[in-house]
Amino acid sequence: MNAAPSPRPDDPLDTTPVALDDLPEADAGAATRSDAHRRPMPMSGSPGRVLHCVGRLDSDEAHSLLWPTVLALADAGVRQCVVVLHPADAEHARLLLPREVPLVVAPRTHAWLHRHRELQRLLQAQLRSEPLLALHLHGRAAALPGLRAMQACGVHAPVFFHSPEQPARRPHWRLSARWLTRLAGLRDADAEPTAYVVVPGRVDPLSAAAVLHDEALERPVPEHFFHLGHAESAHPLVVTAGRAQDLDFAAAYAQLAVLLAGSHPQLQFAWLGDADEAVQAVLKAAQVQLLPCRDDHERARHLSGAWLYLAPEGDRGDARGVIEAMAAGLPCVARPGSACGELVIDQLSGFLCPRAEDLLQGIARLIDAPELRRAMGQAARERSLQRYSRHRFHASMLLAHGLPARLESRTIGFAPQAAFA
């Protein structure tokens, strides 16, 4: 099936709100054991618990994600139990776990076959003792035993695979996790995922395509970006976060500045960041301002006076600049490349424009419509806050468990049905 084409910036917007109350309610009495994993997970205070199966704590597996996961769920009132497979790690685990989270340690044995049997007996006993809300597998050593025990018990619950710390190893871990879920017979039912992958900063369905793996995206956006007061400059100002030695990027940006100079003589373009001599020459010829940024605070201050952010290529090199611009409350006009196609929601937080003429129309439309610019900027900040703030891991972990996400810095109210009226 072919996807519907993306609307152009000058097309009318369909902002009809969806009435959530009109959605059909599920018949709770009709749920069976085979489709139990399709229903949302119980909220805090419900019977059942989350079980963590942990490999070696001193290996580069996923132990660094154990503590923030346990604390996020504990803060939400979710009951948990941690099973440590190696007795030598018991003292370390007890030191860092909250007091209310019980710790179960696998028995110490030297024979591999005997150890495997004892481990399966222990895990199956824990799985049968209480209803399972979710199974968290921390590291390769924990993945296969945990899934085999779950399969032997006939238990159905979402499974969370915690990725290694080293970024280079994560794609291989994701492939291994998918193979293990197929081996265990886990299948996504309808639109509800049954397996998730946990990486630093976020929790994603295992079935989702991993588009953005850049290490820069895993650094949370500093809090001061979200709390910026937006005071637009007197004259329209378009900005981009430049790459110092990328001449092609600079040429694409400068070309758009020249093309818009005739129709909008007051429009100004700025380049945030360093630039080498060749890039500076291209920018100077197009009358693009060069605004060096010594630190995050200075870059945030420059963004606070801009009218919109332009990503002329839309690839991975644009990603960090787009995220920070969104956090600062700027609508983004971008090409639908590998990065911006995921970051920018077309017609809501900005415009995704496949052609140069569409980029020009998107910029012109935002310059001429202050209310649209303000609404899209609020939507962009909301999206960046949810996905890239320091609260992202906490929020995404709770949402994946069917729990309400409470973001401490959430101060934004955005109503799409009113934004584009």
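Here, residue 1 is the first one in the sequence, and each next residue gets the next number. Small disclaimer: the values here were computed from a predicted structure and weren't measured.
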Closest non-hydrogen atom pair between C81 and R49, with its separation: CB-NH1, 3.4 Å

Donor-acceptor contact present, side-chain E298 to main-chain R294, <3.5 Å: yes

Flag, side chain of S384 to backbone of R381, donor-acceptor distance under 3.5 Å: no

Between H297 and H302, ring centroids under 6.0 Å: no

Y309 side-chain N/O to I323 backbone N/O, donor-acceptor pair under 3.5 Å: no

Test salt bridge (Lys or Arg N to Asp or Glu O under 4.0 Å) applied to E100 and R79, step by step: CA-CA 8 Å; E100 66 272 15; R79 297 179 59 249; over 6 Å; no

Distance in Å, M326 CE paired with F225 CZ, rounded so as to fall on 0.5 Å steps: 13.5 Å

Rounded distance (nearest 0.5 Å) linking atom CG of L398 with atom CG of L73: 6.5 Å

Audit row: E91, R94, salt bridge (Lys or Arg N to Asp or Glu O under 4.0 Å) steps and yes/no: CA-CA 5 Å; E91 185 176 345; R94 184 68 273 168; over 6 Å; no

Electrostatic pair E313:R243 at N-O distance under 4.0 angstrom: yes

Any donor-acceptor N/O pair, H230 side chain to A306 backbone, under 3.5 Å: yes

Passing option when F160 is tested against V50, L135, V203 for side chain to side chain contact (heavy atoms under 4.5 Å, CB included): V203

N/O donor-acceptor pair under 3.5 Å between R383 side chain and I345 backbone: no

Within the 6.0 Å centroid threshold, strictly below: H138 and F161: no

Polar side-chain atom of T240 near backbone of G242 as donor-acceptor pair, under 3.5 Å: no

Working for side-chain contact (heavy atoms from CB on, under 4.5 Å), residues Q289 and L237: CA-CA 10 Å; Q289 303 176 59; L237 176 61; 4.0 Å; yes

Short side-chain to backbone donor-acceptor contact, Y196 and M397, under 3.5 Å: no

Heavy-atom closest contact (A254 atom, A286 atom, distance): CB-CB, 3.6 Å

